[in-house]
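Chain naming here is simple, since letters A, B, ... match the order of the sequence lines and numbering starts at 1 in each. Everything quoted here is computed from the prediction, not taken from an experiment.
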Amino acid sequence: MENKHIPEKLLTPYDPQSTEKRIYDAWEKSGYFNPDVCIQEGITKADAKPFTIVMPPPNVTGILHMGHAMMLAIQDIMTRYHRMKGEKALWIPGTDHAAIATQSKVEKEISKKEGKSRYDLGREEMLNRIHAFAQDSHDSIIAQVKAMGASCDWSREAFTLDETRTKAVYTMFKNMYDDGLIYRGTRVVNWDPKGQTTIADDEIVYEERKAKLYTFKYAKDFPIAISTTRPETKIGDVAVAVHPSDERYTAYVGKEYDMEFCGVPIHIKIIADESVEKDFGTGALGVTPAHSMIDSDISKRHNLPSIQVINEYAKMTLGGENILGKKTTEARETIVSWLRDEGLLEKEEEVNQNVSTAERTGGIIEPLPKLQWFIDVNKEFVLPESTLEGIASGSKTTLKQIMRTVVQNKQVTIVPEYFDKTYFHWIDNLQDWCISRQIWYGHRIPVWYKGDEIYSDIQAPEGEGWVQDEDVLDTWFSSGLWTFSTLGWPENTPDLATYHPTAVLETGYEILFSWVARMILMTGYGLGTIPFHTVYLHGTVRDAQGRKMSKSLGNGIDPIDVANKFGIDAGRMALITGTAPGTDSRIDENKIKGYKNFANKLWNITRFIITNTEGFEVDNEKNEYTEEDQILADEVRTLAIEVGADIDALRFHLASEKIYHYIWHRFADVILEESKEIFTGTDTAKISSRKQFLMNTLADTLKILHPFMPFVTEELWSIIPRNEANSQKLLIIESWPFLENHTH
RNA sequence: GCACUUUUAGCUCAGUGGUAGAGCGUUACAUUGACAUUGUAAAGGCCGGAAGUUCGAUCCUUCCAAGGUGCACCA
C-alpha cells in the first residue's frame, strides 16, 4: 500500500522522549492551564462551574519520587477531565519551605562538607545558604512537575514562604492571638537535642528498643520502691504517686520525706493519683515534673514544684561533680552504680521500650519544660461568619469542634471513608498545638517584646527598643492556610470568591493529621468555611517486593528515569491502574513497560485507521451508520459516560482500566480485525459507515484517554485528519465526548 | 492495650447480595501483520477459618487466625 499520506513519524514506533517535552511546551504556550485564558478565548463559559485543586506543595528538600508522580497524575487526571467538561478548572502549583526538614538538610550538608554548625555561620549567613539550596531544589522540582505532564496554572504558583503567603500567615497569627487562641506558656514539650528545637507530637517517630528497668528506693529509710528506665532524672523527683485504691501504700499517702539521692538533696511527698497503674512495676511512680508529660500533669494537679535537671543539650544541670554537666546516659551509669553500692537497687530487668525520636533529625526526644507558643484547641471563641453545618454564624465554638463537626456531618468527606474513624480517634486525643520552633528557616513569629510589653501584628511596632521573637513557626501553620493563601487571602480577591472552597484535596494518608486536619482548623477559624469538599487519600508507592522506596535501600524509581525510558504516560498509567485509594501499591518496570506497549498500540491503531480511511471525508451532518455500527457507537457513548462517572467518583483505577480495556481488547482486537473484512468486501454502505465510525471513535477514545495519557493522545490528535471547523487545535481543550448525554 | 485495615488465580491486585475478574507469569497454536511484536485459546480459585442473617453470602453481622497501619502506654 502507498503510504505517502501517512505522517512519517507514524511509520516508526511511538517515541515519548522526543514528544513529551515538545507537547508540554505547546500546552504552556497556549495558556490553557490558566482558566482565565480559557474564558477569554471562549473555550470555557465565564459562568461555568469552578473546579479547584491545590497541589500539596512538595518540600524544597530535594527531588520528587514516585509518590509525587502518582499524586500529580491523579490531580492532573481530575484537572484535565474537568477542563474538558467545560468547567473553570484551576490547579494551583506550589512548594513548601518545610522549615525543619530543609534547615536540617542544609545543616547536615554544611557540617559534612565544612565541619561547621549553624551557630558558626550565624543566622543571616545560614539563611542565605538555606535560601540558595531551596531555590535550587525548587527549580529542579518544578522541572520534574512539568515532566510529569501536570497541567497546573504556573501563573498562580505559590511558595509557603513568599510575600503573599507570609502576609497570610502573619494575619492569621494576629487574629488568633487577638482571640486568645494563641498563647505563650511554659509546658513540657518534645525537645529534640539534635535539632535544638521543639517538635510537635506528630513529628515523633517511635522506635522500639531494649531498655533496662531499674527498681530501687531513693534511700534506705524510704518506704516505697519505684521503677524507672531513666534513673538520672530522679534527682528531679518531687513526689511518689500511687493509685488511690492501692492498699499497699494507703498508709503512706500524705507523708513527706527529705533525703539525699546520689549526693542531691530531694524532698518527696507521697501522693495518690488516678493516673497511676497499680500493676506496672511496683505500682508507685516517681514523679519528675520537668522531664515527663504525664508527671507534669500530675504535679499540676497536686501543686508540686518542678525541678529541671537536664538541659537542651541532654546534659545534667544538677548534682555533684560526678553528675553535673555529664550526658544523661553517663549520669545514668553513675547513679545506677551508686544505687548498687548503697544496696538500694532491688531489681534490674530488660524491657521493650518505645523511644521517641525526631522524624527529621533522628534525635532522641527529651521532654523539657519550655516557654513556647501554642494554639489552644479547646478554648471557646465566637465564629462571626460561618457556613459550617452545625456551627451557626456568631455562635461559640472551639477549634477541636470545628475539626470534628465538618467531618462528622460529611461537609468534608474522606475517601476512603474508613479513614474518618482514624481522624476522630486523633481529634479526641488532641492536645494544644505547639507552633514555635527554635530554628531559623521559616516565618518568624510576629511578636515583639519591649520589657514586659508584648505586641503582635503583621509588622513591627513603631518606636525604639522592640525585639522580635527569635523563634519561627511550625511549617504546618503556613501549609494549613494553603487552600486560601494561594488564592490571595487575606485580600478579598476575585480568585478567592470564585475558587474557594476547593473541590478535592488529594494527598497521602500519612499527613491526614499534620496537614489535612490543620487545614480544616485554619479554614474553619479564618474563613468560617471548609477548605475542600473531598479529601482523597492515596497510598504509598512501594517497590515490586512491597518495600518502601528509600535511598538507603537503593530501590527507588526516579520518575524522570521512567519518563526517559518508557514515557511518563506509561508511568502514569502504571501508577493509577489497579491502585485503590488509601491502599499501598507496588510498581515495577514490567508494569510500566506494559503501558509503554499500550501507547505504541494506540499509535498503530491510528496508523491503521489513517491508512484505511485515506481520502475519506467525515461528514457527521449525515449520520449514515449501519445498524451494526450504531450499536458500536452506543458502546463508545456508554464508555465515555462510565469513565466520566468513575472519575467523578474518584475511582481512577477503574476509569483507566476501562478505557485501556476498550481500546486494546475491544476497539483493536475485535472492531479493527472485523473492519479488515469489511474493507476487503464490496458493500460500500458498510465500508463508509465503518470508516466514519473508526475515525469518530479514534477521536473519542483519544479524548477519553487524554486525562490519563496526555502526551501520546495530544500527539496523535495533531496527526489525525479532523474536521477543523468542529474541533480544537489542541486536544487539551476538547470537550469530553457525549457530554450532552450525561445525566446529572 | 485500643482502634482501623487487609486476607480473592503462581505473583500483584480489582470487584459484586444471584456459585468470580484484570495485568503479569505459565502452556499450546497462529502470525511478520496497523504492532521493536501481536492475536487466538488453555490451564489455574471450596474469594483466610467457623457460625449467623437471607430463598441465596466472596460481599452483611459476630467470633477466630495471620499480616499491616495509626494512637496510647512506655514509671
Side-chain angles (χ1 to χ4, degrees), chain A residues 1 3 6 10-15 201-202 204 206-209 211 213-216 225-231 233-234 237 240-242 275-277 279-288 291-295 298 351-356 416-430 509-510 512-513 539-540 542-546 573-574 577-580 582-612 651 653-654 656-658 660-661 664-665 668-670 672-673 675-676 694:
Chain A
M1 181 170 295
N3 275 333
I6 306 298
L10 271 184
L11 299 176
T12 55
Y14 172 57
D15 175 26
D201 293 345
D202 43 52
I204 290 175
Y206 294 100
E207 283 178 26
E208 189 159 299
R209 291 184 194 176
L213 182 70
Y214 303 96
T215 302
F216 58 87
I226 56 161
S227 300
T228 183
T229 54
R230 303 201 55 192
T233 63
K234 298 288 108 183
D237 279 14
V240 164
V242 299
S275 68
V276 180
E277 275 181 48
D279 301 331
F280 191 95
T282 60
L285 163 67
V287 181
T288 324
H291 300 289
S292 155
M293 313 267 178
I294 308 266
D295 295 12
I298 294 176
V351 291
N352 287 328
Q353 192 188 217
N354 284 329
V355 178
S356 321
E417 207 182 347
Y418 57 75
F419 269 103
D420 58 13
K421 286 183 187 125
T422 316
Y423 177 87
F424 292 137
H425 192 75
W426 178 80
I427 300 268
D428 293 340
N429 285 300
L430 186 63
Y509 59 74
E510 72 278 2
L512 179 61
F513 311 135
T540 307
R542 296 168 179 274
D543 74 359
Q545 280 88 51
M573 281 297 276
T577 311
T579 304
T583 315
D584 292 353
S585 60
R586 299 183 182 199
I587 189 127
D588 64 302
E589 290 209 342
N590 264 338
K591 191 174 180 188
I592 305 170
K593 201 176 162 191
Y595 291 105
K596 181 188 158 74
N597 289 346
F598 176 56
N600 198 49
K601 186 79 183 178
L602 192 63
W603 196 254
N604 283 295
I605 289 168
T606 307
R607 178 171 155 193
F608 175 86
I609 292 173
I610 291 181
T611 312
N612 283 283
R651 296 184 297 247
H653 57 299
L654 297 184
S656 62
E657 196 178 318
K658 266 180 199 149
Y660 168 87
H661 195 265
W664 198 321
H665 300 298
D669 289 351
V670 178
L672 254 50
E673 289 304 323
S675 303
K676 287 177 186 170
L694 290 183

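- Rounded to whole angstrom, the span from the CG atom of A:Asn597 across to the C1' atom of B:A36 amounts to 9 Å.
- Applying the 6.0 Å contact sphere to CD of A:Glu417 captures no more than 12 heavy atoms from other residues, nucleotides or ligands.
- Not a single ring pair (Phe, Tyr, Trp, His ring centres under 6.0 Å) links A:Tyr423 to another residue, sequence neighbours left out.
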Dump the pairs, protein N or O against N or O of nucleotides 57-65 of chain B, anything under 3.5 Å, distances to one decimal.
none

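- One interatomic measurement links the two molecules: CD of A:Glu673 to P of B:G39, which rounds to 9 Å at whole-angstrom precision.
- We find that NZ of A:Lys676 is positioned 14 Å from P of B:U38, with the value rounded to whole Å.
- Shown here is A:Asp428, whose CG atom has more than 12 heavy atoms of other residues, nucleotides or ligands within 6.0 Å.
- To the nearest angstrom, P of B:A3 lies 17 Å from CZ of A:Phe424.
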Bracket notation of RNA chain B in which parentheses pair within the strand, [ ] cross earlier pairs, and | pairs with another strand (Watson-Crick or G-U, under 3.5 Å): (((((((..((((....[..)))).(((((.......))))).....(((((..]....))))))))))))....

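- Atom pair A:Tyr423:OH and B:C4:P shows a separation of 18 Å (rounding to whole Å applied).
- Here A:His661 pairs with A:His665 under the ring pair (Phe, Tyr, Trp, His ring centres under 6.0 Å) rule; sequence neighbours left out.
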Return the polar atom pairs (N/O with N/O) between nucleotides 23-30 of chain B and the protein under 3.5 Å, or none.
{"unit_1": "B:G23", "atom_1": "OP1", "unit_2": "A:His665", "atom_2": "NE2", "d": "3.3"}

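- Residues passing the side chain to side chain contact (heavy atoms under 4.5 Å, CB included) test with A:Thr215, sequence neighbours excluded: A:Ala225, A:Ser227, A:Thr282, A:Glu346, A:Lys347, A:Glu349.
- Exactly one of A:Thr228, A:Ile294, A:Thr233 qualifies for a side chain to side chain contact (heavy atoms under 4.5 Å, CB included) with A:Thr288. That residue is A:Thr233.
- When distances are taken from the side chain of A:Tyr418 to each of B:U5, B:U40, B:A36, the shortest belongs to B:U5.
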Identify each atom pair where a protein N or O and an N or O of nucleotides 13-16 of chain B are less than 3.5 Å apart, giving names and distance.
{"unit_1": "B:C13", "atom_1": "OP1", "unit_2": "A:Arg586", "atom_2": "NE", "d": "3.0"}
{"unit_1": "B:C13", "atom_1": "O2'", "unit_2": "A:Gly578", "atom_2": "O", "d": "3.1"}

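- A search for side-chain hydrogen bond (donor to acceptor under 3.5 Å, both in side chains) contacts involving A:Lys676 returns A:Glu673, not counting sequence neighbours.
- The residue among A:Trp603 and A:Ala241 whose nearest nucleotide of RNA chain B lies closer to the 5′ end is A:Trp603.
- Here salt bridge (charged side-chain N to carboxylate O under 4.0 Å, His left out) pairs that include residues 585-604 of chain A, with residues two or more places apart or in two chains, are A:Lys565-A:Glu589.
- By the ring pair (Phe, Tyr, Trp, His ring centres under 6.0 Å) test, A:Tyr214 pairs with no residue at all, sequence neighbours left out.
- Taking 4.0 angstrom as the limit, A:Asn600 places a side-chain polar atom (N or O) nearer than this to OP1 or OP2 of B:A36.
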At under 4.0 Å between heavy atoms, how does the protein contact nucleotides 69-74 of chain B? Give one character per nucleotide, 5' to 3', with B, S or -. -BSBBB

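- With sequence neighbours excluded, no residue satisfies ring pair (Phe, Tyr, Trp, His ring centres under 6.0 Å) with A:Phe608.
- Distance, A:Phe598 CZ to B:A36 C1': 18 Å, rounded to whole Å.
- With rounding to whole Å, A:Asn604 atom CG is found 11 Å from B:G39 atom P.
- Nucleotides B:G15 and B:G21, compared at atom P, are 15 Å apart to the nearest Å.
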